[in-house]
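After the structure tokens below, expect a handful of questions from me.
To find a chain, count down the sequence lines: A is the first, B the second, and so on, and within it residues start at 1.
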Amino acid sequence: MILPVESLPARIAATPALRRWGRYLDADVLLEVGAAAWLLTVRDGQVLTVRRGPFVLPSFTLALRLDPAGFARFLAADPPPGWHDLMALRRHGALKLEGDLVPFFAHLFWFKGALALLREGAKP
Amino acid sequence: MIEPITGRYLRLALEGRPHRLYFEEAGQGIPLLLLHTAGSDGRQWRDLLNDAEVTARFRCIAFDMPWHGKSSPPEGWQEEEYRLTTAAYTGMVMAVARALELDRPVVMGCSIGGRIVLDLAAEHADALRGVIGLQGSAFVEPYYDTAMLHHPRIHGGETCAAIVSGLVSPRSPEAARWETLWHYMQGGPGVFKGDLHFYKGEGDLRPKLARIDTARCPVVLLTGDYDYSCRPEDTLATAEAIPGARATIMPGLGHFPMSEDYASLRRYLLPVLEEFAEQG
């Protein structure tokens, strides 16, 4: 699975609703999909940097660890029922959260919307 | 245009405490008592209350539970933590039915309302014509910490809406999807969490299912397949445990069918209501 994580800063910046939902979000987010990992530096809801792993003992505010098969279903252009949302992945055990969960829940619309921008055919 | 819905306040005692509840109604005929989901209010039933095909034969009543919508919490609320229980919820529904002098109503609820109708069927079969559970099951396993829904560093309204946003089907009309979420954004602090005390913990109704006699109180369950809280398999397992219960899975709908896409729900709901109308 090839994920366009490096394109997230531009995609998020071009999405006005995400700029609003994430306006106070400051976090270093570790995104793991199976063995692949990225570290996102988020300030005021904008992704300032994306670093591609692997990492040795990375420091992060919170980590999202995704099962590749479950995340692939989420990323389909037309996701199947029950796999169409981050919390649905959580329900199925395909998303594990670690670290400080307050920024995650306080900006849940942002996290849901940002990861949906990795979906096939997502706009912008 | 003025809609045919009227809203009034009802004063009654619940668990020995005075309450002032807001309710809306439309139509005439067989009483149909409508229960909203956790953390929301009776506005979820707006399209059904405006459906002339339903209101021609049913007196449709949607009340806001205490702490929700335009219903106040009881006096002294500031000293306590709101936590819904099975006994309080069932007692509330029956008390509202009595206060409004409803003769053997059909009770239809969604989510927590789809759960409590099972308790109503088990405990008050002879006082009801039947129950309809939307997105109903006897139990749901917790999959997140509900403490996050009432936290001083988290905006409760936005987070409650974000938590349930994925439970709305992506296929439902956008305006209705976001109106459904707006209701969640308007919930009082800790209220959604307090409702989930019943839904994800105390209100495990699995032991009661075998007691339900569908010959006395018919049970119909309708569940949308985009719901990952009360999943289709949860509803089907519940129906399987109630002899005579009927369950239908509704493709394309989510956790709030009457609010997110009433036009799609009514294709499944109207035949069910027709059966109750024929029975009188």
Check this for me, if you would: do B:Asp227 and A:Arg91 make a salt bridge, where the nitrogen-to-carboxylate-oxygen distance has to be below 4.0 angstrom? no
Counting only heavy atoms not in B:Glu80 (residues, nucleotides, ligands), do more than 12 fall under 6.0 Å from its CD? yes
Using the ring of each side chain (for Trp, its six-membered ring), is A:His84 parallel, tilted or perpendicular to B:Tyr226, with breaks at 30° and 60°? perpendicular
In terms of heavy-atom pairs under 4.5 Å, which option from B:Ile154, B:Leu167, B:Asp145, B:Leu149 contacts chain A the most? B:Ile154
Atom CZ of A:Arg119: over 12 foreign heavy atoms under 6.0 Å: yes
Give the minimum heavy-atom separation between A:Pro81 and B:Asp225, together with the two atoms involved. CB-O, 3.2 Å
Please report the closest heavy-atom contact between A:Asp85 and B:Ser165, naming both atoms and the distance. OD1-OG, 4.3 Å
The interface call for A:Pro103 against chain B, heavy-atom contacts under 4.5 Å, is neither
Heavy-atom pair with the smallest gap, counting every atom of B:Glu158 and A:Phe109: O-CE1, 3.5 Å
Can you confirm whether more than 12 heavy atoms, excluding those of A:Arg19, are under 6.0 Å from its CZ atom? no
Atom of A:Asp100, atom of B:Arg153 and distance for their closest heavy-atom approach: OD2-NH2, 4.1 Å
What part of B:Ser169 lies closer than 4.5 angstrom to a heavy atom of chain A: side chain, backbone, both or neither? neither
Measuring only between side-chain heavy atoms, which start at C-beta, is B:Arg171 closer than 4.5 Å to A:Asp78? yes
Pick one of side chain, backbone, both or neither for A:Leu97, based on which atoms fall under 4.5 Å of a heavy atom in chain B. neither
Provide the closest heavy-atom pair for A:Arg90 versus B:Tyr143 in the form atom of the first, atom of the second, distance. NE-O, 3.0 Å
Here the gap from B:Tyr144 atom OH to A:Leu108 atom CG, rounded to the nearest 0.5 Å, amounts to 10.0 Å
Do other residues, nucleotides or ligands put more than 12 heavy atoms under 6.0 Å from the CD atom of B:Glu240? no
Proximity breakdown for B:His151 and chain A, heavy-atom pairs closer than 4.5 Å: side chain
Are there more than 12 heavy atoms of other residues, nucleotides or ligands under 6.0 Å from atom CZ of A:Phe55? yes
Between B:Arg231 (side chain only) and A:Gly82 (backbone N and O only), is there a donor and an acceptor less than 3.5 Å apart? no
State, to 0.1 Å, how close B:Ile163 and A:Phe105 come at their nearest heavy-atom pair, and which atoms those are. CD1-CE2, 3.6 Å
